[in-house]
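Working notes, beginning with the structure itself.
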Amino acid sequence: MKLERRFGFSIRPRAPYNYALTVHKPAGWPLFTPFEIYDEGVFRTALHVSGTLLGLKLKNRGTTENPAFFVEVFMTGVPTPDQKKNIRETLSAKLGANQDVEAFYRMARKDSILKHAVRDLYGMHDTGTANIFAEATLAILLQMAPLNRSEQMWECVIENYGEVAEFDGRKVLVWPTPERIAAVAPGELQRKCKLGYRAKHLVGTATILGKGDFPTLEELTKMPPAESKRKVLELPGIGDYSADIIGPHPGFPIDAWSADVFATLFWRKKPVRSRDVIDKVKKAGITRWGEHCWMAFLYVAHDLEGLSRKLGLNLRLH
DNA sequence: GCGTCCAGGTCTACC
DNA sequence: GGTAGACCTGGACGC
């Protein structure tokens, strides 16, 4: 879909805010889609906001202590003033512009693990996700597979069923909508993208989300965290781990990979079987970091190299 | 080459 | 309520 430049605006986030670390995180996790492009500080990505496909071009114009960046918005139709306001507010929230990291930093500076990570990644903010279905798809395709195989699966799903945002001389592929996947037979996804048993979970989740009566990300945000998580757990193929990474109230999402990392950090010993220590690691992390456990997870996950060096450990980088 | 094992979880049946 | 066992598939590994 060809998108035209319609308007631009500046965002002045709450300092400290490191633009590069926030929009293009060190571990390589995508912001809104695996196909986004980060090229010498210019970041091009795409996502749906209120059902409209947007192409985005972001350029840094500030520093960590005096942060500012410019957003150019590409879309098909001409936006109304209300649409523009909604897009500005939605992007500002998703890019973590208003997030206050000071309380987390105060706690982290006294913690023997996090003190290194907050120094290494000073100014990195948490960011929102494109939408619930994109995150649910990612979570389902990460299950029971090595990372490279998960990548093959989601690239195939996006290439075959996603949309292409064509703007500013570039093409960015975005996750398919739930309506699109709900119309596909699980058998087709198994054959075409080798999703295996995950295909029926993906179509099941798409069917529920595509009906339109499931709470939106904004509605889930307003719910108490426990209620929001209960709701997300109703989606087929979404269990405790996946619910922790796709909901708007992230928890401490421990899977086999992160169990390995955090067990090594907490007890200086790599577990024999990662899966066996998931519950223990999760409890230890929540006890240690409490309300900040998600930010702690984020900072550790993106600073494995720095922490390995400073603590003399071998934290697996995938 | 070929067989076996298992991976960044979840669901179900069974106790 | 707690817990084995099944689940698709493909890459790694041993032989």
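Bear in mind that the values here come from a model prediction, so they are computed numbers and not experimental data.
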Give the rounded distance in Å between these two atoms: CD1 of A:Ile278 and P of B:dA7.
11 Å
For the residue pair A:Glu72 and A:Asp168, establish whether any side-chain heavy-atom pair is separated by less than 4.5 Å.
no
Looking at A:Phe7, does the NZ or CZ of A:Lys84 lie under 6.0 angstrom from its six-membered ring centre and within 45 degrees of the ring axis?
yes
All pairs passing disulfide (SG to SG under 2.5 Å) where residues 206-310 of chain A contributes a residue, at least two apart:
none
Rounded distance in Å - CD1 (A:Ile140) to P (B:dT10)
9 Å
Would you say a side-chain N or O of A:Ser150 is under 4.0 Å from OP1 or OP2 of B:dA7?
no
Rounded to whole angstrom units, what separation is found between the CG atom of A:Asp279 and the C1' atom of B:dT10?
14 Å
Paired and unpaired positions of DNA chain C as dot-bracket, Watson-Crick or G-U wobble under 3.5 Å, | denoting a partner strand:
|||||||.|||||||
To which residues is A:Tyr197 joined in a hydrophobic cluster, defined by side-chain heavy-atom contacts under 4.5 Å among Ile, Leu, Val, Met, Phe, Trp and Tyr, whether direct or through other members?
A:Met144
Within the 4.0 Å heavy-atom criterion, would you say A:Asp260 contacts the bases, only the backbone, or no part of the nucleic acid?
nothing
Can you find a heavy atom in the side chain of A:Glu65 that is under 4.5 Å from one in the side chain of A:Tyr122?
yes
A:Val172: which other cluster members, linking ILVMFWY side chains closer than 4.5 Å, directly or transitively?
A:Met1, A:Leu3, A:Ile37, A:Leu53, A:Phe74, A:Phe167, A:Val174
A:Phe297 or A:Gly237: which one's nearest nucleotide on DNA chain B is closer to the 5' end?
A:Phe297
Under a single-linkage rule joining Ile, Leu, Val, Met, Phe, Trp and Tyr whose side-chain heavy atoms are separated by less than 4.5 Å, which residues share a cluster with A:Phe70?
none
Rounded to the nearest Å, what distance is computed from the CG atom of residue A:Asp240 to the P atom of nucleotide B:dC11?
11 Å
Within this structure, what is the CG-to-P distance between A:Asn148 and C:dA12, rounded to whole angstrom?
7 Å
Base, sugar-phosphate, or nothing for A:Pro236, non-hydrogen atoms under 4.0 angstrom?
sugar-phosphate
Would you mind reporting whether A:Leu95 and A:Thr22 have side-chain heavy atoms less than 4.5 Å apart?
no
Does A:Asp100 have more than 12 heavy atoms from other residues, nucleotides or ligands lying within 6.0 Å of its CG?
yes
B/S/- along nucleotides 3-10 of chain C (protein heavy atoms under 4.0 Å) is ----SBBS
